[in-house]
Protein chains: 2
Amino acid sequence: MPPDRSPGPPVSFICVHAGAGYHHPRTHTALLTLVSEACLSGMRNLLSGTTSCSAATTATNHLESSPLTNAGLGSNLTIQGTVECDASAMCGRTGAFGGVGAVSGIRHPICGAVAVMRGDMQGPGICGLVPPVLLVGEGAKTFCAAQGVEIVQMRSLITDESQTRWERHMRILREAEQQEGERAKKRQRKECRDKSPDLSEQSFPESHLNDTVGCVAQDSTGNITSTVSSGGISLKHPGRVGEAAIYGAGTWSECTPTVSIGCSVSGTGEQIIKTLFARECAKRCLKSDDVAESLREVIREFLDIDLIKGKERNVGVIIYRCELTADESIGDDVDGKKYIREVWWAHTTKSFCVAWMSSADKKPHARVSTLAPGHVMVIDGRPI
Amino acid sequence: MPPDRSPGPPVSFICVHAGAGYHHPRTHTALLTLVSEACLSGMRNLLSGTTSCSAATTATNHLESSPLTNAGLGSNLTIQGTVECDASAMCGRTGAFGGVGAVSGIRHPICGAVAVMRGDMQGPGICGLVPPVLLVGEGAKTFCAAQGVEIVQMRSLITDESQTRWERHMRILREAEQQEGERAKKRQRKECRDKSPDLSEQSFPESHLNDTVGCVAQDSTGNITSTVSSGGISLKHPGRVGEAAIYGAGTWSECTPTVSIGCSVSGTGEQIIKTLFARECAKRCLKSDDVAESLREVIREFLDIDLIKGKERNVGVIIYRCELTADESIGDDVDGKKYIREVWWAHTTKSFCVAWMSSADKKPHARVSTLAPGHVMVIDGRPI
C-alpha cells in the first residue's frame with residue numbers, strides 16, 4: 001500500500017514548462033508571463049489545499065489555453081490541417097497513469113488524460129474489466145465526453161497563427177518535394193551526377209517555435225503529479241501519437257519512502273519514446289542525488305543512441321526532486337524533518353521556457369533557458 | 001552504423017505464440033496445428049532467403065487469419081461490438097519500431113505495423129519530417145491503405161464465435177452491473193450491512209480463452225524481427241490501446257556484437273505497458289546468459305509491483321537468445337564460429353501455446369504449456 005504521506009514538507013511546489021525548441025526573442029516576454037501565470041494558477045490551488053493532480057491540471061490548462069504554446073488552442077496542425085493532441089498524467093504515490101492520443105476537439109487534452117488516470121487509480125471494475133491507460137482518437141473523445149471533459153469544435157482550436165504556420169510549412173514541403181522530384185528525374189537521365197542533398201537535414205524555419213507543455217506539482221501531503229500536453233509535430237500524419245501520450249516517455253512521477261520525483265519532457269516525440277526519456281530521468285534521479293550528473297548521462301545517451309536516426313535530436317525536461325535527509329547542515333527544516341528540494345531543467349534545443357514556485361515564494365521564478373553557441377546541452381537547476 | 005551481420009549462425013530460426021491465457025483442452029489439437037503451421041510458413045520464407053521481417057510477418061499473418069486466436073479475424077470485440085486491433089514489430093539490427101493501435105478494418109494489423117516500422121527505418125524525410133512510430137485509429141488506416149496494406153470491411157473480421165462470446169460477456173456484465181446497482185440501493189437504505197463482494201475479482205469465464213499472438217524470427221544474416229498482434233481485452237472501451245502497439249511493452253528485438261535477443265509478449269495490456277515487459281526481459285537477457293533466472297526475476301517483479309492494481313496478473317513471453325561464444329565445449333559450430341541458441345517461454349496464466357523451429361529441424365516443436373496447480377509461473381526452455 002502506498003503511504004498516506006510521500007516524502008515532502010508541508011510546503012507545496014509547482015514547476016511548468018512551455019516546450020523545448022526555439023523561442024524567438026520577441027516572444028520571450030509573453031512566454032515568461034504565461035509560464036509565471038500558469039505557476040501562479042496552480043499554486044493558488046495548492047494553497048487552497050487541493051491535490052497535486054488538481055494543481056497540475058489547472059496549470060496545464062492555463063498553458064493549453066494560450067495560443068503561444070503547441071498544446072490545445074494553437075496546436076500544430078496535421079498534414080491534413082486538423083488538430084490532434086496527445087497528453088498524459090501520472091500520480092507519484094499510486095503510479096496511476098492516463099494518456100490520450102491523437103484526440104480532436106477536446107479543449108483541454110490534459111483533462112482527458114486525467115480522466116483516464118482516475119480510472120487506472122480505481123483498478124479493475126465489474127467482472128474484472130481492466131480500465132485503459134491509453135485511449136486514442138474518437139474512442140478517447142467519447143470516453144472524455146462521458147467523463148464531463150469539455151468537447152469543442154475542432155476548428156475552434158485552430159488560431160490564425162497556427163493556420164498561417166501550417167500554410168507556410170505546406171508550401172515549403174511542396175517546394176522541397178518538387179525539387180526532390182526534379183533531381184530524381186535528372187538522376188534518371190544521368191544529367192545530374194551529384195548526389196542529391198540530404199533533405200532530411202533541412203527543417204522548417206519555425207518547426208520548433210512551439211512545443212509541448214507540462215507541469216510537476218507537489219501538494220502539502222507530499223504527493224506529486226506530473227503532466228504533459230502537446231499538439232505534436234507540424235504536418236504530422238493523422239493518427240500519429242507522440243511521447244506526450246506514451247507511458248514512460250513524456251512524464252513520470254514516483255514517490256518512494258525517502259525520495260519523490262516528478263518530471264515532464266518535451267521535444268521530438270519519436271526520439272523521446274525510443275529512449276523512454278521521462279522514466280529514465282526519474283529512475284536515475286531516484287538512485288542518485290546528483291541530478292545534474294544524472295541528466296547529463298541521460299542526455300548524452302539520448303544524443304548517442306543508435307535507436308534514433310538523424311542528427312537533430314530534440315529534448316527538454318523539467319525535474320523536481322525532494323529528498324528526506326538526516327544531514328542537519330542542509331535543507332529545509334519543517335515539522336522537525338529535513339528535506340532537500342531541487343528543481344532542474346535541461347535541453348538540447350535552442351531554448352526551453354520554464355517557471356517554478358514554492359509556496360514559500362512570493363512570486364514565480366521564470367526563465368527562457370538558451371543554448372550557448374557550440375554547446376550541445378544546457379543543464380541548470382536551483383535549490384528550492 | 002549497425003553491422004551487416006548480427007551474431008547468429010547461417011541457420012535460421014523462428015518461434016511463435018498463440019497467447020497467454022486459458023486454452024480449453026478441446027482446442028489444444030487445433031492450436032498445436034495452428035502454431036506449427038505458422039512456424040512452417042515463416043520457415044519456408046527463411047529457407048528461401050527472405051529477411052526475418054518477411055518471415056515474422058508471414059507467420060503472424062497465419063496466426064491473425066485463424067479464428068482461434070484473438071488477433072485479426074476473430075478478435076475480441078469492444079463494448080460497442082466492434083473490432084479494434086493493436087500490433088507492433090521491431091527490427092533487432094536497426095532498432096526500428098512500428099506500431100498501430102485501435103485499428104479497424106485492417107485484415108492483418110501486423111502488416112500495418114511493419115509499414116510504420118519501414119518508415120522509422122528510413123529516418124527523417126523531406127524537410128526533416130520525423131516518421132511516426134505509432135499510428136492509431138482512422139489515421140493509421142489511411143496510412144496503411146496508402147502503403148498497400150489490405151483494408152477490409154470491419155464486419156468481415158467478426159466470426160460467429162467472437163460475436164457469440166461478445167453477447168455472452170455483455171450479458172454477464174449487464175447482470176453484474178444490475179446486481180451491483182441493487183446492492184448499492186440496499187446499502188443506501190441500510191438494508192444490507194455486508195460490504196458488497198469485490199466484483200473486480202470476478203472475471204468472464206472465457207476472458208482469457210484467446211490472447212495476443214506473436215513471433216520472433218532470425219534470418220541467415222543473423223538479424224532478428226519480433227512481432228505481436230492482438231484484438232485486445234474483451235469489452236474494452238473503443239480507442240483503448242494495449243501493449244501490442246506500445247514501444248517496449250509487447251515486443252523487443254536487439255542485436256549487439258555478441259548477443260541477439262527477440263521477444264514477444266502476451267497478457268493484460270495495461271499491466272504489460274506499466275512494466276515495459278518486453279524491453280525489461282530483453283535487457284536482462286542481454287546482460288545475463290541465465291535466461292530462466294532473468295525471466296524469473298522479471299515475472300516476480302511483475303507479480304509484486306505496486307504500479308499494477310488487482311491480484312490477477314496475466315503475462316506470457318517467448319524469448320529467443322543467440323550468443324557468440326568462445327567456449328569450444330558447447331554450442332553449434334557453424335563457419336568456424338560457436339553459437340549458443342536457446343528458446344524460452346514463461347507465463348503466469350493457466351496456459352500458453354508456443355511453437356519453434358530451426359532450419360536444421362525437420363518439423364516444428366509445439367507445446368501448450370500449462371500452469372501446475374499451486375504454482376504462480378511456468379518457465380521452460382530448450383537449446384536449439
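Just so you know, these numbers use all the heavy atoms, side chains as well, and skip hydrogens, waters and symmetry mates. Numbered from 1 within each chain, the chains take letters A, B, ... in sequence-line order.
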Inset, instruction - May I ask you to name which of A:T78, A:V116, A:V241 has the most heavy-atom pairs under 4.5 Å with chain B? - result: A:V241
Legend entry - Within-4.5 Å side-chain heavy-atom neighbours: A:C127 and B:I172: yes
Inset, instruction - Answer yes or no: are there more than 12 heavy-atom neighbours, outside A:R284 itself, under 6.0 Å from its atom CZ? - result: yes
Inset, instruction - Side-chain contact test, heavy atoms from C-beta onward, threshold under 4.5 Å: evaluate it for B:E270 versus A:D120 and give yes or no. - result: no
Legend entry - Interface moiety of B:A102 toward chain A, non-hydrogen atoms closer than 4.5 Å: side chain
Inset, instruction - Measure distances from B:K236 to the heavy atoms of chain A and classify the residue's part below 4.5 Å as side chain, backbone, both or neither. - result: neither
Inset, instruction - Go through the atoms of B:I246 and report whether side chain, backbone, both or neither lie under 4.5 Å from a heavy atom of chain A. - result: side chain
Inset, instruction - Could you have a look at B:V133, B:L307, B:V136 and say which one has the most heavy-atom pairs with chain A under 4.5 angstrom? - result: B:V136
Legend entry - B:L276 portion near chain A, given a 4.5 angstrom heavy-atom threshold: side chain
Inset, instruction - Heavy-atom pairs under 4.5 Å with chain B are the metric here; pick the option from A:A140, A:G242, A:P131 that has the most. - result: A:P131
Inset, instruction - Report yes or no: does B:K274 contribute a side-chain atom to a donor-acceptor pair with the main-chain N or O of A:G95 at less than 3.5 Å? - result: yes
Legend entry - Side chain / backbone / both / neither for A:I233 at chain B, heavy atoms under 4.5 Å: side chain
Legend entry - Contact summary for A:A176 and B:I126, nearest pair of heavy atoms: CB-CG2, 3.5 Å
Legend entry - Atom pair CG/OG1 of A:D306 and B:T256 - distance to nearest 0.5 Å: 12.0 Å
Legend entry - Closest-packed option against chain A by number of heavy-atom pairs under 4.5 Å, given B:Q80, B:M121, B:Q122: B:M121
Legend entry - Heavy-atom pairs under 4.5 Å with chain B, option from A:P238, A:G137, A:G139, A:G239 with the top count: A:G239
Inset, instruction - Find out whether B:L129 and A:L173 are in side-chain contact, i.e. whether some heavy atom of one side chain is under 4.5 Å from a heavy atom of the other. - result: yes
Inset, instruction - Check the surroundings of atom NZ in A:K283: do more than 12 heavy atoms from other residues, nucleotides or ligands lie under 6.0 Å from it? - result: yes
Inset, instruction - For chain B, find which of A:E84, A:E138, A:K141, A:R279 contributes the most heavy-atom pairs closer than 4.5 angstrom. - result: A:R279
Legend entry - Partner chain A: residue of B:Q271, B:E254, B:R240 with the largest heavy-atom pair count (under 4.5 Å): B:R240
